[in-house]
Amino acid sequence: MNKTRLEAFSDGVLAIIITIMVLEIKVPEGDTFDALLKLYPIFLSYVLSFIYLGIYWNNHHHMLQSASKINGKILWANLHLLFWLSLVPITTGWMGENHFAKATMTLYGIVLFMAAIAYTILQYQVTASKENNILAKALGKDIKGKISPILYLTGIAFSFYNGWVSGAMYILVALIWLVPDKRIERTISAEKE
C-alpha cells in the first residue's frame, strides 16, 4: 500500500479531532472580560490537548516519513492510535467543564496512556518490517517512549488524590515531547548521504 494514503487519512482525522475540540469552546455569556475568564479551565484543557495532538501529528509524520512499506498490521495499528486520539475531545471537554475534577483527570490520563500504548504498537509494527529499518536505527533506546507511559500511570494514580500532581505529570510528558526530536530526521539524512 502507498503510505501517502495512510498519511492523508491520518492527517484528516487529526484535523477533525482538533476541529471538534475547538468547537466545544462556547462563546462566553456576556461582554466583559470576567465572562471570558470563566472559560479559563476549558481553554487550558484545550491548549494541553492541542499540544498533545500536535505532538502526535508531528511524530506520526516523522515515523511514516521513515517507512518505505506499509502493510495491514500497520494500517490496523494506525487505526488503533486514531481511535484513542479521537477520544481526546470528549475527555478534554469533560475535564475543562468540570474544572479538572478527579474523575475527569483520571479518564484524561487513561486516554493519554492508551494513546501512548497505541503509538508504541504502531511504532513496533513499522519497525518490524525489514524495509523500515531506518526508524529502528533512529529510535535507539527510546527513553522518551519508555518513560511517558510511566508518567501517565503516575498521573492516573495521583488523580485519585491530588489533581494538581496529576495535571503536572500530564504537562511534564507534553513538555518532554514538545522538544523536537531530531533522531529520525538525522538518521534519514545520514541514510541519504
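For Leu87, the CG atom is densely surrounded, since the number of other residues' heavy atoms within 6.0 Å is greater than 12. Within 6.0 Å of CG in Leu36 there are more than 12 heavy atoms belonging to other residues, nucleotides or ligands.
Counting only heavy atoms from C-beta outward, the side chains of Met21 and Phe50 approach each other to under 4.5 Å. Side-chain atoms of Ile74 and Leu6, non-hydrogen and from C-beta on, do get closer than 4.5 Å to each other. No side-chain heavy atom of Asn162 sits under 4.5 Å from any side-chain heavy atom of Lys102.
Leu48 and Ala174 get closest at one heavy-atom pair: CD1-CB, 4.2 Å. Annotation for Gly96 and Ser45: closest pair CA-OG, 3.5 Å, computed over non-hydrogen atoms. Contact detail for Gln125 and Ala77: the closest heavy-atom pair is CG-CB, 4.0 Å. Here the shortest heavy-atom pairing between Ala118 and Trp84 reads CB-CD1, 4.0 Å. For Met105 against Met95, the heavy-atom pair with the smallest separation is SD-SD, 3.4 Å.
In terms of modelled atom types and a separation under 3.5 Å, the side chain of Asn98 and the main chain of Phe100 share no donor-acceptor contact. For Tyr46 (side chain) and Pro89 (main-chain N/O), no donor-acceptor pair under 3.5 Å exists by modelled atom type. Checking side-chain atoms of Thr104 against main-chain N and O of Ala101 turns up a donor-acceptor pair under 3.5 Å. In this structure, the side chain of Tyr52 engages the main chain of Tyr170 through a donor-acceptor pair within 3.5 Å. In this structure, Lys38 contributes its side chain and Pro28 its backbone to no donor-acceptor pair below 3.5 Å. Judged by distance alone, the side chain of Ser166 and the main-chain N or O of Ile156 form no donor-acceptor pair under 3.5 Å.
The line from CD1 of Ile17 to OG1 of Thr92 is 10.5 Å long, rounded to the nearest 0.5 Å. Within the model, atoms CD1 of Ile171 and CG of Leu151 stand 12.5 Å from one another, a figure rounded to the nearest 0.5 Å. Distance check, rounded to the nearest 0.5 Å: CD1 of Ile110 to OG1 of Thr91 gives 10.5 Å. The distance from the OH atom of Tyr56 to the CG atom of Leu14 is 11.0 Å, given to the nearest 0.5 Å. Here the CD1 atom belonging to Ile70 is positioned 5.5 Å from the CG atom belonging to Leu64, to the nearest 0.5 angstrom. Separation of atoms CZ (Phe83) and CE (Met114) is listed at 8.5 Å; rounding is to 0.5 Å.
Defined by atom type and a distance below 3.5 Å, a donor-acceptor pair is present between the side-chain atoms of Asn78 and His60. Between the side chains of Trp177 and Asn59, no donor N or O sits under 3.5 Å from an acceptor N or O. Side chains of Ser148 and Tyr119: no donor on one and acceptor on the other come within 3.5 Å.
Leu178 and Ile18 end up in the same hydrophobic cluster when Ile, Leu, Val, Met, Phe, Trp and Tyr side chains are linked at under 4.5 Å. Linking ILVMFWY residues whenever their side-chain heavy atoms come closer than 4.5 Å, directly or via other members, leaves Tyr124 and Leu85 in distinct clusters. Hydrophobic clustering, with ILVMFWY side chains joined whenever heavy atoms are under 4.5 angstrom apart, keeps Leu53 apart from Trp94. Hydrophobic clustering of Ile, Leu, Val, Met, Phe, Trp and Tyr side chains at less than 4.5 Å, counting indirect connections, unites Phe113 with Leu172. When hydrophobic clusters are built by joining Ile, Leu, Val, Met, Phe, Trp and Tyr residues whose side-chain heavy atoms come closer than 4.5 Å, directly or via intermediates, Leu175 is grouped together with Tyr108.
The side chain to side chain donor-acceptor pair (under 3.5 Å) analysis of residues 20-34, with sequence neighbours excluded, yields no pairs.
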Exercise. Step by step, would you call Leu122 with His80 a side-chain contact (heavy atoms from CB on, under 4.5 Å)?
Worked result: CA-CA 8 Å; Leu122 175 58; His80 181 229; over 6 Å; no
Exercise. Can you check side-chain contact (heavy atoms from CB on, under 4.5 Å) on Phe9 and Leu82, steps first, answer last?
Worked result: CA-CA 10 Å; Phe9 176 74; Leu82 293 176; 3.6 Å; yes
